[in-house]
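Quick note on labels: first sequence line is chain A, next is B, and so on, each numbered from 1.
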2 protein chains.
Amino acid sequence: MTSDSGGTLQDVGEFGLIDRIVDRAAIDASALVLVGPGDDTAVVSASDGRVVVTCDVLVEGTHFRRDWSTAIEVGRKAAAASLADVAAMGAVPTSLVVGFGAPGDLPTTWAVSCAAGLREEAATVGALLVGGDVVSAPQVIISVTALGDLEGREPVLRSGAAVGDVVAIAGRFGWAAAGLALLSRGFRSPKVLVDAHRFPQPPYAAGPAAARCGATSMIDVSDGLLADARHLADASGVVLEIDTAGWEIPEPMQSAAAAYNVDAKDWMLTGGDDHALLATFPTTEAVPEGFVVIGRVALGDPGVVVDGLLRDAAGGHRHFT
Amino acid sequence: MTSDSGGTLQDVGEFGLIDRIVDRAAIDASALVLVGPGDDTAVVSASDGRVVVTCDVLVEGTHFRRDWSTAIEVGRKAAAASLADVAAMGAVPTSLVVGFGAPGDLPTTWAVSCAAGLREEAATVGALLVGGDVVSAPQVIISVTALGDLEGREPVLRSGAAVGDVVAIAGRFGWAAAGLALLSRGFRSPKVLVDAHRFPQPPYAAGPAAARCGATSMIDVSDGLLADARHLADASGVVLEIDTAGWEIPEPMQSAAAAYNVDAKDWMLTGGDDHALLATFPTTEAVPEGFVVIGRVALGDPGVVVDGLLRDAAGGHRHFT
């Protein structure tokens with residue numbers, strides 16, 4: 001990385017930007033990366049002969065606003081979306097490749113900080129930014145592909161939930177939706193909620209932990225708990241019964257909901273973007289630390305029942321609709 | 001894949017589009033794909049414990065125009081850019097994951113045809129479309145990540161060219177530039193040149209063939225022969241001497257160049273997007289079928305000499321400049 005980051009992308013050009021983005025020292029020090037950025041492709045270790053791969057795209061205006069989030073936050077959010085998918089298979093992320101589009105007048109500092117955010121988020125799980133492409137586009141676009149390692153385990157699919165399993169969730173959920181509601185009304189606090197919208201804090205380690213404890217199914221909650229529970233129910237051909245009676249609404253979500261006359265449970269049931277992990281386990285005893293039991297798997301036409309009522313996924317985020 | 005493809009993306013939604021894009025039968029039949037689309041991630045075989053990974057992004061208006069190219073052509077072009085990078089390492093592509101952004105009023109048929117183009121191009125090398133993300137964006141954006149298998153071989157880097165090696169090239173070069181020149185002047189023929197701009201025909205098999213024959217370095221020619229020869233010269237710390245005296249200018253490039261009073265060799269030296277493979281070999285005898293010898297590797301400050309004259313890379317495509 002070179003230290004000078006002045007001017008715009010137009011000034012430094014594609015190759016100048018790449019020089020500023022790549023962390024050679026980290027890549028050289030890693031046993032995972034056999035060929036780093038700068039050649040036609042990267043080459044990454046896939047120790048058990050398989051590779052987990054997923055892609056998520058963030059578009060300025062649709063997924064983030066440059067006046068609501070810093071460049072680092074956008075980078076962290078973009079990386080988190082893909083890294084959480086890897087965790088939801090029970091795998092450990094190894095690397096990211098990133099397609100980055102931006103207008104020529106984007107300040108170079110913004111692009112460099114966004115890449116720093118991508119690298120920082122990846123570093124929280126020991127993964128590295130190993131390559132990508134930088135192109136001209138009318139607005140900022142960040143396409144993140146994450147690779148991961150199953151470490152010899154079977155992947156935890158959405159389709160394995162069985163009648164009698166317990167349903168459990170790890171990580172925060174509803175926080176990003178609360179933060180977005182605050183920002184939409186012109187507020188910038190409580191900071192912890194606003195920050196949750198700006199970038200999530202997925203419980204990455206809970207994914208492999210769930211796999212090791214025999215999770216029968218798992219999904220990354222990106223569209224909202226109801227919507228993603230429905231995906232899992234459909235894939236497994238079961239009913240997910242969720243009981244919210246015992247839920248503690250964490251502060252400051254409770255106060256924020258009261259101030260806006262909103263039921264905080266609506267945020268928790270329908271808000272996406274927190275990247276909690278929803279999983280099923282054969283018994284309560286199997287549920288690892290970090291997960292909270294919220295229901296059970298029942299027989300019936302695939303669907304989600306909350307507090308005894310069949311619910312549709314309305315409120316989960318849908319593109320193009 | 002469902003057969004109904006009417007309406008716009010807004011009508012069918014994200015999940016409706018994915019149903020239309022995925023070729024379940026091909027995925028179920030493949031030994032390479034362990035988990036296909038529809039879960040949090042795909043899982044792909046990486047038989048020798050390593051995976052080759054690269055990403056290329058195409059943006060409407062920058063890399064293609066919907067009035068110059070069909071959706072299938074755009075899909076093929078997008079896939080080819082990444083697949084050719086995999087070949088340039090000496091690897092065999094196994095799979096693609098695709099980030100697809102588009103406005104809600106894009107006809108569903110366009111998106112479905114573009115995906116068909118991606119799948120068709122991948123199929124030419126036995127690779128499969130295994131996953132991706134579909135998002136709303138102001139214009140069409142296609143981010144293609146390709147994975148590949150080195151089959152136990154060492155990757156062929158840009159940095160291995162040694163003084164005394166011969167320089168050789170496989171595949172067409174200059175054709176896409178000629179086609180673009182024709183289209184820019186309002187012409188739609190000769191069709192073979194115009195088609196070369198619409199989607200390339202990279203010599204994929206030449207990549208692994210070069211690796212098996214002991215290629216010392218290799219690069220995908222995407223920015224133009226001069227520009228990419230310079231990348232290789234810089235990475236290897238050598239001079240690439242290219243001799244154009246013996247070049248046969250293929251028809252109809254020769255006639256098209258004459259008609260526009262252009263030197264066809266300018267297209268061949270500076271035109272990108274054909275995805276030829278430029279490689280170096282220790283001896284002429286080592287050069288495999290499909291490659292043509294165009295020069296030699298010499299000692300000196302890194303650079304490219306054409307017909308005895310030091311050339312810069314001007315004319316190669318640069319983003320943001």
### Message
Test of understanding: with ring pair (Phe, Tyr, Trp, His ring centres under 6.0 Å), list the residues that count as partners of A:F173, not counting sequence neighbours.
### Response
A:W247
#### Entry: Region of A:V44 that comes under 4.5 Å of a non-hydrogen atom in chain B
both
### Message
We want to know whether A:S143 and B:S143 form a side-chain donor-acceptor pair, criterion being a heavy-atom distance below 3.5 angstrom.
### Response
yes
## Note on the structure
So, the part of A:V59 with a heavy atom under 4.5 Å from chain B: the answer is side chain
### Task
Kindly determine whether B:T54 and A:V97 satisfy side-chain contact (heavy atoms from CB on, under 4.5 Å), including the steps that lead there.
CA-CA 7 Å; B:T54 182; A:V97 292; over 6 Å; no
### Task
Name the region of A:L232, side chain, backbone, both or neither, that has any atom closer than 4.5 Å to a heavy atom of chain B.
neither
### Query
B:A42 versus chain A, heavy atoms under 4.5 Å apart: side chain, backbone, both or neither?
both
#### Entry: CZ-CG distance between B:R50 and A:L32, expressed to the nearest 0.5 angstrom
14.5 Å
### Value rounded to 0.5 Å, distance of CG in A:L34 from CG in B:L150
9.0 Å
### Message
With a 4.5 angstrom heavy-atom cut-off, is it the side chain or the backbone of A:V98 that approaches chain B, or both, or neither?
### Response
backbone
## Note on the structure
CE (A:M218) and CG (B:D39) are apart, to the nearest 0.5 Å, by 10.0 Å
### Task
Could you tell me whether the side chain of A:V35 reaches within less than 4.5 Å of the side chain of B:M89, counting heavy atoms only?
yes
### Task
Going by the side chain to side chain contact (heavy atoms under 4.5 Å, CB included) test, name the single residue among A:V53, A:V52, A:V51 that passes it with B:T41.
A:V52
### Query
Contact part of B:L157 toward chain A, heavy-atom cut-off under 4.5 Å: side chain, backbone, both or neither?
both
### Query
For B:L58, is it the side chain, the backbone, both or neither that has a heavy atom under 4.5 Å from a heavy atom of chain A?
neither
### Task
Give, as side chain, backbone, both or neither, the part of A:S45 having an atom under 4.5 angstrom from any heavy atom of chain B.
both
### Message
Checking side-chain polar atoms at under 3.5 Å, does A:T145 have a donor or acceptor matched by the opposite partner on B:T145?
### Response
yes
### Message
So for B:I219, is it side chain, backbone, both, or neither that comes closer than 4.5 Å to the heavy atoms of chain A?
### Response
both
### Message
What's the separation between atom CG in A:D56 and atom CG in B:D133, rounded to the nearest 0.5 Å?
### Response
4.5 Å
### Distance in Å, B:D85 CG paired with A:D40 CG, rounded so as to fall on 0.5 Å steps
5.0 Å
